[in-house]
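Reviewing the structure listed below.
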Amino acid sequence: MMIIDLRSDTVTKPTKRMYDAMMSAEVGDDVFNEDPTVLALEEKVAKLFNKEAALFCPSGTMTNQIAIKCHTQPGDELICDVNSHIYNYEGGGIASNSGVQARLVQGDRGRITVDHIEQNINADYDWLTRTALVSLENTVNRAGGSYYTLAEIKKIKEFCQNKNLPLHLDGARIFNALIETKESTQDIGDQFDSISVCLSKGLGAPVGSLLLGTKPFIKKARRVRKVFGGGMRQAGFLAAAGIYALDNNVQRLKEDHKRAKQIETELKQLSFVESVMPVDTNIVIFNLTKKYSAVAFEEILKPHQIKMAAFGKQTIRFVTHLDFTDEMLDKLINVLRTKL
């Protein structure tokens, strides 16, 4: 039976062409900085976002945590939205890896503004933590894939620059945002001191994220990556998948967004759905009425081979991706209409 896996866009598997690219990759030892395919991927993504250098890492969690470590000192504080991935889903790494605490602000569906930042910068007193970093997420996972526009980011960048505050981007799904805004990677890259770019979500690579920044920043990041256990050897097999994904899987993100919007439209018509968060990209988050808990809803979908993520007691998340087809969409809609 066809399995429909909507838990995340991380569940995709390499296509035949991606697999062939991986198996034909030229490799070396990346800890010695000698893997030609890793070097090619790093150069490609750095150039794409107009950055001096890049560092290939196993995960977006690692790239984010390395960035925090490089920008801060123990006892510092960073500003981020309450929904941020770096705060909610990285195992307490802000505190455990860097000795830093988070100043959480309530933005608009995960998006913060200059006013939010200005109101949460600590004064320069000995008894207050030093505000050392601002982090944005684009798109925002917990907020249904909402995204920032370039104009919004530019205001934040100008403010942070005037305050000598580094600005980091958790760009786990940055290409999903750019497909919608039609803005350039270089324009976005110019706004941030560091950027995390994930390849293993909508782009469909099996593993990998890159951290981008200046050459001195990335040199420091390489040392931190080693300390975190992220130094990989013949990583070119993985990097080749990333190169293929960037060359072939960016524009097709539009298909994921279209299917997510179709699911949103369907959910709004169902009696057991209380509310649906606006769907901007490929993430669908909705709340159930008291008729079903998230756990009960999950159990009902299991016999139909439909997998989903419970995001709360009454909250469900679906994420569309390149392995979710029109045929699967039709089956999902049919199950939602007739089996609940």
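Any value given below was found using the heavy atoms of this structure, including those in side chains, with hydrogens, waters and symmetry copies removed.
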Kindly indicate, with the supporting measurements, whether the criterion side-chain hydrogen bond (donor to acceptor under 3.5 Å, both in side chains) is fulfilled by N282 and D9.
CA-CA 9 Å; N282 70 321; D9 45 7; 3.0 Å; yes
Mind checking whether K307 and L301 have side chains closer than 4.5 Å, heavy atoms only?
no
CZ of R337 to CG of L270, rounded to nearest 0.5 Å, is 8.0 Å
Taking N141 for its side chain and R173 for its backbone only, find out whether a donor-acceptor pair lies under 3.5 Å.
no
I would like to know whether E43 and K47 meet salt bridge (Lys or Arg N to Asp or Glu O under 4.0 Å); could you show each step before the answer?
CA-CA 6 Å; E43 181 179 0; K47 184 177 180 180; over 6 Å; no
Have N176 and T139 got a donor and an acceptor in their side chains that come within less than 3.5 Å?
no
Is it true that, when you exclude Y292 itself, more than 12 heavy atoms of the residues, nucleotides or ligands shown sit nearer than 6.0 Å to its OH?
yes
Quick check: does any side chain N or O of S209 sit under 3.5 Å from a backbone N or O of G60, one acting as donor and the other as acceptor?
yes
With no hydrogens and no angle check, is any side-chain donor or acceptor of H321 less than 3.5 Å from a backbone partner on D323?
yes
OG of S196 to CE of M62: how many Å apart, nearest 0.5 Å?
11.5 Å
Just verifying a value: how many Å separate L253 CG and T281 OG1, rounded to the nearest 0.5 Å?
9.5 Å
So, for I285 and G144, which heavy atoms are closest and what is the spacing to 0.1 Å?
CD1-N, 3.5 Å
Please answer whether the main-chain N or O of C70 pairs with a side-chain N or O of K220 as donor and acceptor at a distance below 3.5 Å.
yes
Could you check whether any side-chain N or O of T37 sits under 3.5 Å from a backbone N or O of E26, counting only pairs where one atom can act as donor and the other as acceptor?
yes
Is there side-chain contact between Y89 and R142, with heavy atoms separated by less than 4.5 Å?
yes
Under 4.5 Å between any side-chain heavy atoms of V284 and Q262, yes or no?
no
Can you tell me if S184 uses its side chain to pair, donor with acceptor, with the backbone of D187 under 3.5 Å?
yes
Starting from the C-alpha separation in whole Å, work towards a yes-or-no answer on side-chain contact (heavy atoms from CB on, under 4.5 Å) for V140 and I283.
CA-CA 9 Å; V140 187; I283 299 176; over 6 Å; no
Pair F49 + F192: ring centers closer than 6.0 Å
no
Considering only heavy atoms from C-beta outward, does the side chain of Y87 approach that of D81 to under 4.5 Å?
no
Might you point out which heavy atoms bring A67 and S194 nearest each other, and give the distance in Å?
CB-OG, 4.0 Å
Can you tell me how far CD of Q161 sits from CD1 of I156, rounded to the nearest 0.5 angstrom?
13.5 Å
Quick check: is L39 connected to V27 through a chain of hydrophobic side chains (ILVMFWY, heavy atoms under 4.5 Å apart)?
no
Which atom pairs, one a donor and one an acceptor, fall under 3.5 Å between side chains of residues 97-105 and the rest of the protein, sequence neighbours left out?
from, atom 1, to, atom 2, distance (Å)
N97, ND2, Q65, OE1, 3.3
N97, ND2, G93, O, 3.4
S98, OG, K69, N, 3.4
Q101, NE2, E77, OE2, 2.7
R103, NE, E77, OE1, 3.2
R103, NH1, N120, O, 3.4
R103, NH1, N120, OD1, 3.3
R103, NH2, E77, OE1, 3.2
R103, NH2, N122, OD1, 2.6

CG on L165 to CG on N162, rounded to 0.5 Å
10.5 Å
With a 4.0 Å cut-off on N to O distance, would you call D108 and R111 a salt bridge?
yes
Do the non-hydrogen side-chain atoms of L6 and R317 ever get within less than 4.5 Å of each other?
no
Quick one: sort the F297 and F286 rings into parallel, tilted or perpendicular, breaks at 30° and 60°.
perpendicular
Assigning hydrophobic clusters by single linkage (Ile, Leu, Val, Met, Phe, Trp, Tyr; side-chain heavy-atom cutoff under 4.5 Å), is I333 placed with M308?
yes
Main-chain N/O of I86 paired to S84 side chain as donor or acceptor, under 3.5 Å:
no
Any side-chain heavy-atom pair from N248 and R17 closer than 4.5 angstrom?
yes
Could you please spell out the steps behind the side-chain hydrogen bond (donor to acceptor under 3.5 Å, both in side chains) verdict for E90 and N64?
CA-CA 9 Å; E90 298 188 4; N64 284 330; 2.9 Å; yes
Between K157 and D193, does at least one N-O distance fall below 4.0 Å, as a salt bridge requires?
yes
Looking only at heavy atoms, which two atoms of E52 and P216 are closest? And how far apart?
OE1-CD, 4.1 Å
Closest non-hydrogen atom pair, E152 against Y148
OE1-CA, 3.3 Å
Begin from the C-alpha positions of V319 and F324 and carry the test side-chain contact (heavy atoms from CB on, under 4.5 Å) through to its verdict.
CA-CA 9 Å; V319 186; F324 178 65; over 6 Å; no
Applying side-chain contact (heavy atoms from CB on, under 4.5 Å), run through L41 and L246 and close with a yes or a no.
CA-CA 9 Å; L41 173 64; L246 289 164; 3.9 Å; yes
Side chain of T63, backbone of L211: donor and acceptor closer than 3.5 Å?
no
Between K44 and D247, does any side-chain N to carboxylate O distance fall below 4.0 Å?
yes
Within the side chain of E266, is there an N or O that forms a donor-acceptor pair under 3.5 Å with the backbone of K261?
no
Can you tell if the side chain of K51 reaches within under 4.5 Å of the side chain of I195, non-hydrogen atoms only?
yes
Would you mind checking if E299 and K302 are paired as a salt bridge, meaning a charged N to carboxylate O distance below 4.0 Å?
yes
Does R225 pair with D30 as a salt bridge, N-O distance under 4.0 Å?
yes
What do the steps show when you test D76 against H71 for side-chain contact (heavy atoms from CB on, under 4.5 Å), and what is the final call?
CA-CA 10 Å; D76 284 347; H71 283 304; over 6 Å; no
Nearest 0.5 Å, what's the NZ-CG distance between K13 and D5?
9.0 Å
CZ (R223) with more than 12 external heavy atoms under 6.0 Å:
no
Apply the side chain to side chain contact (heavy atoms under 4.5 Å, CB included) test between M18 and each candidate in T12, I243, N249; give the one that qualifies.
N249
Tell me whether S293 contacts the main-chain N or O of K313 through its side chain, where contact means a donor paired with an acceptor under 3.5 Å.
no
Provide the closest heavy-atom pair for L178 versus T185 in the form atom of the first, atom of the second, distance.
CD1-CG2, 3.6 Å
Taking the side chain as C-beta and beyond, is there a heavy-atom pair between E180 and D280 under 4.5 Å?
no
Single-linkage hydrophobic cluster I4~V279, side-chain heavy atoms < 4.5 angstrom
yes
Does a salt bridge link R259 with D326, judged by any charged N lying under 4.0 Å from a carboxylate O?
yes
For the pair E158 and K154, find out whether any cationic side-chain nitrogen is under 4.0 Å from an anionic carboxylate oxygen.
no
Considering non-hydrogen atoms only, spot the tightest contact between I117 and C160 and give its length.
CD1-SG, 4.4 Å
